[in-house]
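Here is the structure we will look at, set down as structure tokens.
Every chain is numbered from 1, with letters handed out A, B, ... down the list of sequences. Side-chain atoms are counted along with the backbone in the values below, which use heavy atoms only and exclude waters and symmetry mates.
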Amino acid sequence: MAGFNNIELITDRPLIDNLKEIEEVKKYFPDHAVIASLMVETREQWIQIIKDVENAGADGIELNFGCPHGMCERGMGSAVGQEPAVLKTIVEWVMDAAKIPVITKLTPNISDIREPGLAAVQGGTDALSLINTIKSIVGIDLDSYAPYPIVDGKGTNGGYCGPAVKPIALHMLRELAQHEKITKTPISGIGGIETWRDVVEFILLGASSVQVCTAVMHYGFGIVREMEAGLIQFMNEKGYDTIYDFVGKALPNVVEWKNLNLKHKVVANIDADKCIGCQLCYIACDDGAHQAIKITEGNRIPEIIDENCVGCNLCSLVCPVEECITMEKRDDGTQHLTWAERTEADTIPTDFNDDRAGGKGHFVPTVQDALKHRKG
Amino acid sequence: MAEYKKPTTEQEYLDNFAQKKPLMNPTEAYYESSRCLFCYDAPCMNACPTGIDIPLFIKQINTGNVKGAAKTIFDSNWIGNACGKVCPTGVLCEGACVYNGQDVPPLQIGRLQNFATEQVIREKTPLYAPGPDNGRQVAIVGAGPAGIAAACELRVMGYTVDIYEAKEKPSGLTVYGVAPYKITNEEVLDEMEYLQNQMGYDIHYQSPITTKEQIADLEKRYDAIFLGVGLGPTATLGIEGENLEGVVGAVEFIEELRMQKHKVEVPKNVVVIGGGNTAMDAASESARMGAENVYLVYRRSKDRMGAYGFEYELAVKSGVKGVFSAQPKALLGEGKVNGVSFYRTKDVNGKLEYGDETFTIDCDMVIKATGQAKMGSFLQMIDGLELDNRKRIKVNLESYQTTNPKYFAGGDAVNGGAEVVNGAYEGKQAAKGIHAWLNAL
Ligand SMILES: Cc1cc2nc3c(=O)[nH]c(=O)nc-3n(C[C@H](O)[C@H](O)[C@H](O)COP(=O)(O)OP(=O)(O)OC[C@H]3O[C@@H](n4cnc5c(N)ncnc54)[C@H](O)[C@@H]3O)c2cc1C
Ligand SMILES: Cc1cc2nc3c(=O)[nH]c(=O)nc-3n(C[C@H](O)[C@H](O)[C@H](O)COP(=O)(O)O)c2cc1C
Ligand code: SF4
Ligand code: SF4
Ligand code: SF4
């Protein structure tokens, strides 16, 4: 399962039932925190509902500014999350009224996540969380021509979640965590978390807590056992006592493209003993990359043509065998040059034929070679 | 070791011959098909004698286009459904699957193939239609896999096709010879009906071609003739006692088994003579019919047997005992067979030697599985039709044209006895050969 798409709205149950449940959960699990997720419209409603959940025993509040369907049409959910000024105002109302900590939950349906993130911080939020679901249409029924899920012949956009959204969530998390005005605010990471590895990755990119929705909907709360066990093992192996020992530890290594070392050189290497001869690497490189893999008649095991390999690593991504294709470092590690430095030194290429672009030596197949897979 | 009770009803017979490759359900087909890597220049495809685009049909199953998958299969192999069930996939497509390279079970290609073709056959989904009539006629002798494949391919190209078949049913050894746990009679015949309904060729049953006059008549009435006659009855041993009651040929025994099922009487003690796949089948079938002692006797050592290892394993699992290095001397008994005497043999640098030492195995039935005779005498009636030194019809391996240009041939009669899938391939190639030859005239 890559992901779920839902068109569900916030609760249709009476508030009183939810408040009762918060109370009961606190009664049975006094050592655990309960955070109430809220979404209402007017300042009066916000003040009232905060009072209600505080009285029920909630330990914190999360402001849902993320729901991408239904609620936004009524001026709530992502309609708020997409308007930094409105978001900031509401956060200010809430901070004014709340005695317990407040997390502001952001929508990913925006081009620059830093804008609402910054607005929430300026409004005084105690913490941020992200991401909510991503606006989506998961498919079209080929008989009724309506999008899923079909509601009496029609469908609407929903919100997408689960493993497929993790890369998007990780990137947005990084953007907030690296922002100088946001970086001090605790962030709760959400989006596609299903395994211990996901948990560790979110923490390494700056989350000091994580939230899980889809994985629990799919496998039940029991799935958390695997995350917890793996997380603890990781921490033991690395010698960490608390999560805070490694929150954001990957952030210094996430840089802009222009700061990558252009002198870094890797070349693919095939382990012939492991190779099963599927030739996916060959066709991927031939049809989709740099024609840097060759096969010889009578031998299923492909060979890398070192001179043609640009180190793109496509082959290693498509290889179905564990650790069969590895990218081998070929530079001696003594040289360092970035695009930024070249810009500074005014040595960047200025037109398509500029030698300084570096691509002139790249392999160009003959027409016959390029057409060799053509059928008929 | 499995113990089989003598089957007394059709159901008991079917239970004793439970299908080795049962039909997949859609869930299994979905998960199994998702494992396929869609290899480039896929080795499985190269290992299929008919060159089915295996990664394509598996992907089609996985994306819910089962009908398209069936078409991909039949496009290369007209006997696609039977092949999925009876092909020795372990030494063909599945044996070549790249997963073997990491000791991961290969894709179950045969069962996936069957999953797709069974659906269109059951639902009678038309996938092909005869081409516009081109005014030419082709006669086919033999409605085995080779003959049927040739007929389908010729119909697509607009030829009128008449098949002359000695027996009552189509498909040749697929229904009369293959072991019942590989495919049921219904499965074989449903595919035959499905093909004939779409392609519209005529089959004249119980119409053996046996005389020079018949041959001359065919030559007069048809533009070309395809020979898909397969092999003949079981070869004789040439030793004493072959005419005793209870001595049968394997091919004849299996044919009776496939037609009469549980009604066939197999006595308690059976000796099967031979070391090929047919011997393995006959032995394991005797055991499944309730025989208590089945001895499979081969003249050389175990590793010299022609049979596939997995076929021998299967026979042993059904209770068969292997006896090696024993050459039959005589079949014993008066009127009825009651034993076989054997020489002990020695393999001296590949040459079989034996002295005076003999031993006897008591039995109530002897099944000879020492190869099928060739159709030599029939084939010699055709002018200019040359056979090789093993009595196989000589053909051009691209067009499958024989040394008499009007005749084309394929299947066991040409390859000396292979698999259904080879017959399917050669029949199709021969049809293309006929088309090319007639258009060049
Ligand atoms: C015991 C046994 C088990 C086998 N098991 C398998 C297996 O598990 N898997 C597999 O793939 N293959 C198996 N085979 C092999 C397979 O059955 C053959 O390779 C295949 O059937 C050959 O096809 P064909 O069309 O050449 O000949 P056949 O199938 O032999 O068909 C020839 C047809 O021609 C007819 N005929 C012959 N002479 C004349 C004539 N003069 N006039 C009219 N009609 C005539 C015959 O009646 C027959 O119907 C087995 C074979 C045997 C004997
Ligand atoms: C059925 C469903 C209902 C949801 N309802 C809410 C909601 O009411 N409030 C909210 O803040 N997020 C809601 N979400 C979003 C999740 O809390 C979470 O942000 C998102 O699904 C990404 O995380 P995941 O990949 O772990 O599911 C909902 C998600 C799903 C699948
Ligand atoms: S993708 Fe991997 S296993 Fe397949 S041929 Fe290439 S190196 Fe071998
Ligand atoms: S026809 Fe036989 S060999 Fe070919 S793919 Fe199908 S099962 Fe495999
Ligand atoms: S070799 Fe195996 S994995 Fe590769 S295409 Fe064939 S069936 Fe699929």
Quick check on [X]: does its [atom1] atom have over 12 non-hydrogen neighbours (other residues, nucleotides or ligands) under 6.0 Å away?
X: A/Leu142; atom1: CG; value: no
X: B/Tyr128; atom1: OH; value: yes
X: A/Arg225; atom1: CZ; value: no
X: B/Lys59; atom1: NZ; value: no
X: B/Lys67; atom1: NZ; value: no
X: A/Lys372; atom1: NZ; value: yes
X: B/Tyr31; atom1: OH; value: no
X: A/Gln233; atom1: CD; value: no

Problem - Any A/Tyr282 side-chain heavy atom under 4.5 Å of B/Asp41 side chain - result: no
Problem - B/Leu37 vs A/Ile276 side-chain heavy atoms within contact, under 4.5 Å - result: yes
Completion exercise
Among residues 311-327 of chain A, those lying within the under-4.5 Å heavy-atom range of chain B are A/Pro320, A/Val321
Handout entry: Least distance between heavy atoms, A/Lys274 atom then B/Gln102 atom
Key = O-NE2, 2.8 Å
Practice task
Over all heavy atoms of both residues, which pair between B/Pro43 and A/Gly277 is shortest? Give the atoms and the distance, please.
Solution key: CG-O, 4.4 Å
Fill in the blank from the handout: When rounded to the nearest 0.5 Å, the distance separating CZ of B/Phe38 from CD of A/Gln279 is 14.0 Å
Exercise for the section: To the nearest 0.5 Å, tell me how far A/Cys281 SG sits from B/Tyr40 OH. Expected result: 11.5 Å
